[in-house]
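Start at 1 and go down the list; that is how both ligands and their atoms are numbered. Computed from a prediction, not measured in an experiment: that's the story for all the values here.
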Amino acid sequence: MADSSDHALAARIASDTGDMLVALLDDPDAHREGWSSIEYTGDRSAHQFILKELTRERPDDIVLSEEGRDNRARLTADRVWIVDPLDGSSDFGWSDHWSVHVALVENGRPTAGAVAVPGWDTTWATEPTPKPIMSRVGERPRIVVSRSRRHMDGRLLQEGMGAEVMAVGSAGVKAMAVVRGEVDAYVHGGGLYEWDSCAPVAVAEAAGLVGCRLDGSELVFNKDDPWSPGLIISRPEIVDDIVAAMSHRRR
Ligand SMILES: [Mg+2]
């Protein structure tokens, strides 16, 4: 099982990758070819950095990265790191809504992980356990959804449970908004890749939140196909209401 050095390693790598990406944005030379290329450079350089660090620190582990090839040895490996070097890359350089995800998966479950959100100057990790920095007020649950799914997921949550809905980019940023106590839940009614959700779920669960599928069932990681249908990250007391609201979605 993950030990304290795995938690610390996830946090350190996520944080250092975030710093490297901020330095890239601040580098005038990096902008010479325009903003579309900085996204690409960010994705690639963050991936290379994480791979180098994990290969040096954990040479026997396997890495599944959004930006790397899928090493099928992961399917029989005891320890697999699932990483998104730059989540929300279309916001990279445009807003604070991008993040770095690093998580360790053992037996299908995330056992250590970290999400860095440099725009919020914070890296959240599975140890030390995150504490909410804001507390919820108001009668209506506040739920964050993906911009691309605002009219689908957002409407179901408004109609089904009277939720106040907001939309921002990056799965990691949305999940950390729940961890911060800024919103009550993050709901995604469509498909996501495991690197989008794995580290955010690891951190959210460490914070006492619930991570589950849209029907409330357990999330499993390091599957043969890393594409996963739907995600809920929520304060425990409203999970059942979200599952009920989302059960009306078109399949
Ligand atoms: Mg990415």
| query | Which of parallel (below 30°), tilted (30 to 60°) and perpendicular (above 60°) describes Tyr193 and Trp195? | reply | parallel

| said: If the test is salt bridge (charged side-chain N to carboxylate O under 4.0 Å, His left out), which one of Arg140, Lys174, Arg235 qualifies with Asp184? | reply: Arg235

| field | Glu66: side-chain hydrogen bond (donor to acceptor under 3.5 Å, both in side chains) partners, not counting sequence neighbours | value | none

| In this structure, which one of Ile143, Asp153, Val165 forms a side-chain contact (heavy atoms from CB on, under 4.5 Å) with Gln158? | Val165

| Carboxylate-amine/guanidinium proximity below 4.0 Å for Arg12 and Glu57 | yes

| said: No waters, cut-off 2.8 Å: how many protein N, O or S atoms are close to the Mg ion (ligand 1)? | reply: 3

| query | Are the side chains of Leu21 and Phe49 in touch, meaning some heavy atoms are under 4.5 Å apart? | reply | no

